[in-house]
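First the proteins, then the strands, lettered A, B, ... as listed; each starts at 1.
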2 protein chains.
Amino acid sequence: MVSIKDIAKLADVSVSTVSRVLNDQEHVSIEKRTRVLRAIKQTGYVPNRAARDMVSKRTGTIGVVMPETFNMFQRQLFSSVAHHLEQFSYYTSFYFASADVQGERACLNRLKGDRLDGIILLHEIMLGEFQTYLEENAIPTVLATFKGKEWAATSITISEEDAAQTAVNHLIALGHRDIGFIGGEKYGFASARLDGYKRALEGAGIAFDEQRLVRAQSYTMEGGAQATRSLLDRRVPCTALFAITDELALGAMRALSDRGLSVPGDMSIVGFDNIELASYSNPRLTTVSQPIPEMGQMAVALLYSLLSGSSGTPLSISLPTTFIERESTARLR
Amino acid sequence: MVSIKDIAKLADVSVSTVSRVLNDQEHVSIEKRTRVLRAIKQTGYVPNRAARDMVSKRTGTIGVVMPETFNMFQRQLFSSVAHHLEQFSYYTSFYFASADVQGERACLNRLKGDRLDGIILLHEIMLGEFQTYLEENAIPTVLATFKGKEWAATSITISEEDAAQTAVNHLIALGHRDIGFIGGEKYGFASARLDGYKRALEGAGIAFDEQRLVRAQSYTMEGGAQATRSLLDRRVPCTALFAITDELALGAMRALSDRGLSVPGDMSIVGFDNIELASYSNPRLTTVSQPIPEMGQMAVALLYSLLSGSSGTPLSISLPTTFIERESTARLR
DNA sequence: ACAGACAATGAGAACGTTTCCAGAATTCAC
DNA sequence: GTGAATTCTGGAAACGTTCTCATTGTCTGT
């Protein structure tokens with residue numbers, strides 16, 4: 001492997017000079033600079049990142065953490081983040097954590113060895129040690145799509161509860177009163193969206209009924225389908241469904257269709273996220289649109305400002321959502 | 001930052017001894033070993049990877065390259081690869097290359113600095129320099145979903161052409177003769193699937209008609225919808241469509257539905273890939289199933305054997321596909 | 001012509017680890 | 001008991017960079 005010394009020898013200059021050229025520093029004559037550049041080109045030399053990192057005490061790397069089995073919303077968010085990250089001169093490392101304690105711990109351990117300069121978390125982390133590590137080492141952190149309960153980190157979110165309430169209100173406005181809820185496990189957004197659902201019912205004077213609530217095992221279409229089947233099996237009358245995720249909603253549509261129920265004829269459905277697929281399903285899905293590209297952009301911008309040394313109380317930014325009416329909801333006949 | 005020296009001091013042993021403990025080597029007394037381990041635990045010490053990599057001349061890292069805007073098939077493949085990669089003790093770095101020459105070059109440059117021990121490519125790379133670099137540096141490489149033309153690397157593929165032919169044959173068997181083709185740009189699999197389509201027509205004595213061929217701008221649902229619209233606008237009669245990707249097929253279904261055509265009543269559709277979504281669409285999509293989990297597993301296994309020093313002519317493995325009939329195809333009335 | 005400022009350059013320390021080597025301590029075979 | 005083999009241990013070199021510092025050379029203003 002060709003090293004900086006080889007380049008120095010080949011260009012007949014000192015190692016220091018090569019380093020200066022490499023890092024675009026001044027105090028190098030045009031003549032030597034071109035000689036060095038020629039040698040680099042000739043040998044195909046690329047600086048050894050490990051060596052560079054070691055001496056400079058920083059890796060120039062920012063980490064992006066996401067679930068190993070990310071859903072389509074997270075996939076789109078990831079795209080946006082990755083795209084904006086390319087703009088500026090940091091390396092990016094991606095970490096995929098399986099959604100359990102061991103998975104998060106394994107992820108954390110990988111992280112630690114990498115000595116990141118900054119980090120963006122694209123999903124809620126359950127493991128307390130994660131927060132501890134980041135705080136103790138004062139690693140600039142941006143939380144996207146969630147806030148830490150007692151974690152005073154920069155975050156970018158939407159008002160989950162309000163958005164969910166709006167979605168359910170739409171169903172109510174269409175005359176529905178028996179509205180099922182397809183939720184999920186664990187995460188903060190799941191309970192926030194449930195709260196929004198409850199608030200909407202309350203606002204309309206509809207009693208909340210535990211029987212109309214079902215939690216999917218996983219945030220997948222399969223999870224949504226299963227949950228819907230078990231809801232239907234309970235035989236509590238429902239004319240509409242609110243699913244806290246588009247993928248759950250799509251799974252629900254599949255399950256309904258399998259039971260010979262039509263959407264929105266027999267059942268209206270509202271989703272949440274507005275993933276790309278929502279406008280390609282049949283029928284198109286009425287949903288709450290999250291500003292995914294902006295969330296990614298903001299997350300990157302916020303991290304950048306942290307890395308540039310901005311201080312003070314961490315910003316906690318909430319972006320607006322939009323309710324999108326498509327074809328999966330209809331007025332109750 | 002706490003370093004190995006701090007641990008040595010704290011445990012009152014030499015740096016060498018700490019290093020031995022760290023790397024699970026023998027020749028350390030139980031007593032000192034426990035002292036070292038205690039010190040590590042106490043301080044939360046994690047070895048600096050950069051330093052470690054530098055001296056050991058290897059990074060213990062394997063790289064996974066995929067397109068920045070990966071489609072659902074690639075997403076599932078990625079999952080499988082990531083999952084199997086976790087089993088063994090290499091670090092994994094993910095690289096996302098935007099699908100153009102600059103993107104691939106940028107990706108390559110990032111790669112180079114990282115001095116990978118091995119690499120898995122999850123999509124066809126156009127940039128020749130990529131191959132050159134990997135070959136010149138003798139980096140163990142596995143190509144997944146494609147083969148290099150003149151690249152004698154280990155690869156794992158399916159027989160694209162045969163599978164496509166089978167898919168189109170199915171349409172023919174249902175009585176269809178006017179079969180549109182929704183293809184795409186650039187990649188080898190696109191032309192292989194086109195060849196399969198042509199061969200099926202030929203086998204049935206149906207003349208290939210350029211007018212029934214359309215290429216999507218991108219391998220997305222939007223791309224499929226657009227392509228389908230332009231095909232419909234040509235007003236060449238078609239009773240069936242073969243899309244070389246499930247996502248294109250789903251976009252096509254959307255476009256047809258928008259024009260008031262029903263699937264499979266007015267038009268049969270066959271896709272390719274069998275992404276998760278294919279069994280959740282409405283109607284469910286008839287398609288060619290790729291053995292995605294196995295492909296990922298194989299790719300990892302093959303890389304592992306390369307890293308373990310297996311040599312000889314690189315293996316080129318082709319996995320079988322399955323044709324899956326669902327609801328998007330029907331007999332021509 | 002001379003001091004002072006500044007540009008160009010290279011020598012060498014430092015970063016945190018692994019690994020080679022040699023010495024000390026212990027065990028083993030007779 | 002003796003010598004040989006083996007285990008344990010620490011010192012120090014090496015890895016490929018960056019960065020500080022000192023030296024030399026070239027201007028500039030008087």
Side-chain angles (χ1 to χ4, degrees), chain A residues 1-37 39-40 43-61 89-91 109-110 112-117 137, chain B residues 1-37 39-40 43-61 89-91 109-110 112-117 137:
Chain A
M1 245 315 100
V2 33
S3 83
I4 197 173
K5 284 182 191 164
D6 303 315
I7 302 295
K9 204 169 294 172
L10 192 60
D12 193 29
V13 297
S14 72
V15 167
S16 317
T17 301
V18 178
S19 176
R20 274 187 277 262
V21 172
L22 248 27
N23 296 286
D24 262 327
Q25 292 174 15
E26 43 188 5
H27 304 311
V28 177
S29 64
I30 336 103
E31 193 225 334
K32 299 210 171 184
R33 185 178 295 270
T34 50
R35 257 177 21 220
V36 168
L37 290 175
I40 289 176
T43 54
Y45 164 75
V46 179
N48 183 321
R49 224 174 104 195
R52 185 174 261 192
D53 288 353
M54 194 182 57
V55 47
S56 63
K57 310 282 268 172
R58 60 189 284 287
T59 56
T61 301
S89 55
Y90 278 82
Y91 298 99
N109 280 330
R110 268 174 283 142
K112 280 180 173 172
D114 290 353
R115 304 241 181 331
L116 299 170
D117 287 358
N137 295 79
Chain B
M1 249 312 101
V2 33
S3 83
I4 197 173
K5 284 183 192 164
D6 303 315
I7 302 296
K9 204 170 292 173
L10 192 59
D12 194 28
V13 297
S14 74
V15 167
S16 317
T17 302
V18 178
S19 176
R20 275 188 277 263
V21 173
L22 248 26
N23 296 287
D24 261 325
Q25 291 175 17
E26 41 188 6
H27 305 310
V28 177
S29 64
I30 337 103
E31 191 227 333
K32 299 210 171 182
R33 187 179 293 271
T34 51
R35 275 207 329 251
V36 168
L37 290 174
I40 289 176
T43 53
Y45 165 76
V46 179
N48 184 321
R49 224 174 104 196
R52 184 173 262 195
D53 289 353
M54 194 182 59
V55 48
S56 63
K57 308 284 268 171
R58 61 188 283 287
T59 56
T61 301
S89 55
Y90 277 82
Y91 298 98
N109 280 330
R110 268 175 282 142
K112 281 181 174 172
D114 291 352
R115 302 225 172 358
L116 299 170
D117 286 0
N137 295 80

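If you take CD of B/Glu26 and C1' of D/dC8, they are 11 Å apart, rounded to a whole angstrom. Distance A/Lys32 NZ to D/dG25 P: 12 Å, rounded to the nearest Å. Spacing between atom CG of B/Asp12 and atom P of D/dG10 amounts to 8 Å, rounded to whole angstrom units.
For B/Ser19, the side chain to side chain contact (heavy atoms under 4.5 Å, CB included) test picks out B/Ile4, B/Asn23, with sequence neighbours left out. With sequence neighbours excluded, no residue satisfies ring-ring contact (aromatic ring centres under 6.0 Å, His included) with B/Tyr45. In this structure, A/Tyr91 has no ring-ring contact (aromatic ring centres under 6.0 Å, His included) partners at least two apart in sequence or on a different chain. Every residue two or more places apart in sequence or in another chain that forms a side chain to side chain contact (heavy atoms under 4.5 Å, CB included) with B/Lys5 is listed here: B/Ser3, B/Val15. Evaluation of the side chain to side chain contact (heavy atoms under 4.5 Å, CB included) rule for A/Asp114 yields A/Tyr95, A/Leu116, B/Arg49 as partners, not counting sequence neighbours.
Taken to the nearest 0.5 Å, the CG atom of B/Asp53 stands 8.5 Å off from the CG atom of A/Asn48.
Contact between B/Met1 and A/Asn137 at its shortest, heavy atoms only, is CE-ND2, 2.8 Å. The heavy-atom pair separating B/Met54 from A/Ala50 by the smallest distance is N-CB, 4.0 Å.
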Please tabulate, one pair per line, all N/O donor-acceptor pairs under 3.5 Å involving side-chain atoms of residues 27-37 of chain A, not counting sequence neighbours.
unit_1: A/Ser29; atom_1: OG; unit_2: A/Lys32; atom_2: N; d: 3.3
unit_1: A/Glu31; atom_1: OE2; unit_2: A/Arg35; atom_2: NH1; d: 2.6
unit_1: A/Arg33; atom_1: NH2; unit_2: A/Gln25; atom_2: O; d: 2.8
unit_1: A/Thr34; atom_1: OG1; unit_2: A/Ile30; atom_2: O; d: 3.1
unit_1: A/Thr34; atom_1: OG1; unit_2: A/Glu31; atom_2: O; d: 2.6
unit_1: A/Arg35; atom_1: NE; unit_2: A/Ala11; atom_2: O; d: 2.9
unit_1: A/Arg35; atom_1: NH2; unit_2: A/Ala11; atom_2: O; d: 3.1
unit_1: A/Arg35; atom_1: NH2; unit_2: A/Asp12; atom_2: O; d: 3.2

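For D/dG10, the OP1/OP2 oxygens have a side-chain nitrogen or oxygen of B/Thr17 closer than 4.0 Å.
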What protein N or O atoms touch nucleotides 13-23 of chain D N or O atoms at under 3.5 angstrom, if any, and at what distances?
unit_1: D/dG16; atom_1: OP1; unit_2: B/Lys57; atom_2: NZ; d: 2.8
unit_1: D/dT17; atom_1: OP1; unit_2: A/Tyr45; atom_2: OH; d: 2.8
unit_1: D/dT17; atom_1: OP1; unit_2: A/Asn48; atom_2: N; d: 3.1
unit_1: D/dT17; atom_1: OP2; unit_2: A/Ile4; atom_2: N; d: 2.7
unit_1: D/dT17; atom_1: O5'; unit_2: A/Tyr45; atom_2: OH; d: 3.3
unit_1: D/dT18; atom_1: OP1; unit_2: A/Asn23; atom_2: OD1; d: 3.3
unit_1: D/dT18; atom_1: OP1; unit_2: A/Asn23; atom_2: ND2; d: 3.0
unit_1: D/dT18; atom_1: OP1; unit_2: A/Arg52; atom_2: NE; d: 2.9
unit_1: D/dT18; atom_1: OP1; unit_2: A/Arg52; atom_2: NH2; d: 3.2
unit_1: D/dT18; atom_1: OP2; unit_2: A/Ser19; atom_2: OG; d: 2.7
unit_1: D/dT18; atom_1: OP2; unit_2: A/Asn23; atom_2: ND2; d: 3.4

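Annotation: salt bridge (charged side-chain N to carboxylate O under 4.0 Å, His left out) contacts involving residues 19-30 of chain A, sequence neighbours excluded, are absent.
Helix bend of the helix from C/dA1-D/dT30 to C/dC30-D/dG1: the angle between its two end axes, each built from five pairs, comes to 30° after rounding to 10°.
Nucleotides of DNA chain C lying under 4.0 Å from heavy atoms of chain A occupy a range whose first and last members, 5' to 3', are C/dA7 to C/dG16.
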